[in-house]
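A quick write-up on the structure given underneath.
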Amino acid sequence: MKRIWMMVIKNIMVVPFWYLKLCYYAWNSRKISEEKKLVLFKEIVEKANWGGNVTVRSYGIEHIPKNQSFMFFPNHQGLYDVLALLYGCPYFFSVVMKKELEHVPFLNKIFQIMGAYSMDRDDVRQAMKVIIKVSQEVSSGKNFLIFPEGTRSRRKNEVAEFKGGSFKCATKAKCPIVPVAITNSYQVFDTGSVKPVTVTVQYLEPLYYDDYKMMKTNEIAELVKEKIQTAVKKIEKNG
């Protein structure tokens, strides 16, 4: 919370403008291009990073498919994760989020502009409807992000169990699965520290449909988790 206040105070002159612009984009989302939305997100995150002593380093961008829709599957460390990916990713994407985040100020406007879906994991029927809708959107050319852990791991840079059901959208859409390894993101909003922090986002080589079509979703989940955990450990070791 302290770092959020730092971000706000250091950018106090432009925060009202940003919020009004986010509201405008949210109300007119269908009329505004993805390119303009992404530019706005990057501008806001860049200034927020400056205000909050946050540095984001992105690697492996060349692994993101250029000519077809895809799905990101990152480890989940905290509320800052999506912002870290928005900052470094050259392509617009949407997200499947927890239902509780619908009411988080500022973030809820960003999710609305992204065309995000909220999932109630306690409601199986609602979750299945979201899976079907997302798979349809990916099939039609939209990129998405899902956190396969389901919630923040709260174990710093340790990766928690990946849920096989999270990969049903990808298997239905037959799209590339892009594992993403995130480190130190938990330090931004999920601790009381305001010390400078460097968040690393590494896009790993994608799994294409031919790579996983014979696998069960729980097997895909385990494979993606192993790839991300290996990358996280390597990043920590190399600093």
Side-chain angles (χ1 to χ4, degrees), residues 3-4 6-7 10-11 18 22 25 33-97 101 106-107 109-111 113-116 138 142-149 152-153 156-157 159 170 175-190 196-207 224 227-236 238-239:
R3 197 184 301 270
I4 293 177
M6 276 183 58
M7 291 177 173
K10 287 188 177 182
N11 291 285
W18 284 345
L22 283 173
Y25 272 48
S33 69
E34 292 184 348
E35 289 76 13
K36 286 187 176 181
K37 293 175 183 177
L38 190 57
V39 168
L40 175 63
F41 290 154
K42 288 180 181 294
E43 288 177 352
I44 292 176
V45 177
E46 182 176 13
K47 290 296 185 181
N49 287 348
W50 168 78
N53 292 330
V54 181
T55 300
V56 178
R57 293 178 180 171
S58 300
Y59 302 97
I61 291 175
E62 69 277 6
H63 292 146
I64 305 174
K66 297 179 181 179
N67 300 315
Q68 64 183 119
S69 55
F70 56 82
M71 293 192 69
F72 287 136
F73 287 88
N75 56 312
H76 195 10
Q77 295 194 341
L79 292 173
Y80 184 77
D81 294 344
V82 172
L83 301 181
L85 269 75
L86 281 173
Y87 180 72
C89 181
Y91 308 109
F92 187 84
F93 61 89
S94 189
V95 63
V96 177
M97 62 180 180
L101 295 180
F106 217 83
L107 279 180
K109 295 300 179 185
I110 290 176
F111 288 139
I113 295 168
M114 295 175 79
V138 175
K142 193 170 183 178
N143 308 313
F144 261 88
L145 178 154
I146 291 182
F147 292 109
E149 287 163 293
R152 289 169 282 175
S153 67
K156 298 183 178 181
N157 286 328
V159 181
C175 71
I177 291 172
V178 184
V180 185
I182 301 174
T183 60
N184 297 333
S185 180
Y186 69 93
Q187 296 182 30
V188 180
F189 293 151
D190 294 73
V197 55
T198 297
V199 177
T200 301
V201 179
Q202 183 168 357
Y203 302 92
L204 307 179
E205 291 187 18
L207 296 173
V224 173
K227 288 179 176 292
I228 291 175
Q229 183 69 80
T230 298
V232 168
K233 289 181 178 179
K234 186 174 181 180
I235 293 169
E236 284 191 299
N238 296 335

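Just so it is clear, the model here is predicted, and its values are computed rather than measured. Excluded from the calculations below are hydrogen atoms, water molecules and symmetry mates; all remaining heavy atoms, backbone and side chain alike, are included.
Distance check: Gln202 CD to Lys227 NZ gives 12.0 Å after rounding to the nearest 0.5 Å. Annotation: the span from Met114 atom CE to Lys109 atom NZ amounts to 15.5 Å, rounded to 0.5 Å. A distance of 12.5 Å separates CG of Leu79 from CE of Met97, quoted to the nearest 0.5 Å. Leu86 CG to Phe93 CZ: the interatomic distance, rounded to the nearest 0.5 Å, is 4.0 Å. Ile4 CD1 to Phe106 CZ: the interatomic distance, rounded to the nearest 0.5 Å, is 10.5 Å. Distance CE/Met6 to CG/Asn53: 4.0 Å, rounded to 0.5 Å.
No side-chain donor-acceptor contact under 3.5 Å links Asn157 and Thr183. Side-chain contact check for Asn184 and Tyr80: no donor-acceptor pair (N or O, by modelled atom type) lies under 3.5 Å.
In this structure, Pro179 and Phe73 have side chains that are not in contact, with every pair of non-hydrogen atoms separated by 4.5 Å or more. Within the 4.5 Å cutoff, side-chain heavy atoms of Pro90 are placed close to those of Ile61. Using a 4.5 Å heavy-atom threshold, the side chains of Ile44 and Leu83 count as separate. Tyr25 has its side chain within reach of Lys36: a pair of non-hydrogen atoms, C-beta onward, lies under 4.5 Å apart. For the pair Arg57/Val201, no side-chain contact is recorded, criterion being any heavy-atom separation below 4.5 Å from C-beta on. Two residues are said to be in side-chain contact when any heavy atoms from C-beta on lie closer than 4.5 Å; Ile146 and Met71 meet this criterion. Inter-residue side-chain proximity for Ile235 and Tyr59 is flagged as unmet; no heavy-atom pair is nearer than 4.5 Å. Contact of the Val199 side chain with the Thr55 side chain is not registered, since no non-hydrogen atoms from C-beta on lie closer than 4.5 Å.
For Gln68, the CD atom counts as densely surrounded, since its 6.0 Å shell holds more than 12 non-hydrogen atoms of other residues, nucleotides or ligands. When the shell of 6.0 Å around NZ of Lys37 is examined, it contains more than 12 heavy atoms from other residues, nucleotides or ligands. Counted within 6.0 Å of NZ on Lys10, heavy atoms from surrounding residues, nucleotides or ligands total more than 12; the atom is thus considered enclosed. Annotation for Lys142: atom NZ counts as buried by contact number, over 12 foreign heavy atoms lying within 6.0 Å.
A side-chain donor-acceptor contact under 3.5 Å links Asn143 to the backbone of Phe70. Asp190 places no side-chain N or O within 3.5 Å of a backbone atom of Gln187 that could act as its donor or acceptor partner. Ser94 places no side-chain N or O within 3.5 Å of a backbone atom of Phe144 that could act as its donor or acceptor partner. Judged by distance alone, the side chain of Arg3 and the main-chain N or O of Phe189 form no donor-acceptor pair under 3.5 Å. Between the side chain of Gln229 and the backbone N or O of Val159 there is at least one donor-acceptor pair closer than 3.5 Å. A donor-acceptor pair is defined here as one N or O able to donate and one able to accept, closer than 3.5 Å; such a pair exists between the side chain of Gln77 and the backbone of Lys156.
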Test side chain to side chain contact (heavy atoms under 4.5 Å, CB included) on Asp81 and Tyr186 and set out the steps. CA-CA 8 Å; Asp81 294 344; Tyr186 69 93; over 6 Å; no
Where do Leu22 and Ile110 land on the side chain to side chain contact (heavy atoms under 4.5 Å, CB included) test, with the steps shown first? CA-CA 7 Å; Leu22 283 173; Ile110 290 176; 4.2 Å; yes
Residues Val95, Leu85; criterion side chain to side chain contact (heavy atoms under 4.5 Å, CB included); working and verdict: CA-CA 11 Å; Val95 63; Leu85 269 75; over 6 Å; no
Run the side chain to side chain contact (heavy atoms under 4.5 Å, CB included) test on Trp50 and Met7 for me, step by step, so that the C-alpha distance in whole Å, both residues' side-chain angles and the decisive distance to 0.1 Å come before the verdict. CA-CA 8 Å; Trp50 168 78; Met7 291 177 173; over 6 Å; no
For Phe72 and Tyr203, what are the C-alpha separation, side-chain angles and deciding distance, and is it a ring-ring contact (aromatic ring centres under 6.0 Å, His included)? CA-CA 9 Å; Phe72 287 136; Tyr203 302 92; 5.4 Å; yes
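Aromatic ring centroids of Phe41 and Tyr87 lie 6.0 Å or more apart.
Ring planes of Phe147 and His76: parallel class, angle under 30° (limits at 30 and 60°).
If you run side chain to side chain contact (heavy atoms under 4.5 Å, CB included) between Pro74 and each of Val82, Val180, Leu204, only Val180 comes through.
The two residues Cys175 and Ser69 make their nearest non-hydrogen contact at CB-O, 3.9 Å. Taking every heavy atom of both residues into account, Pro65 and Val178 meet most closely at CD-CG2, 3.7 Å.
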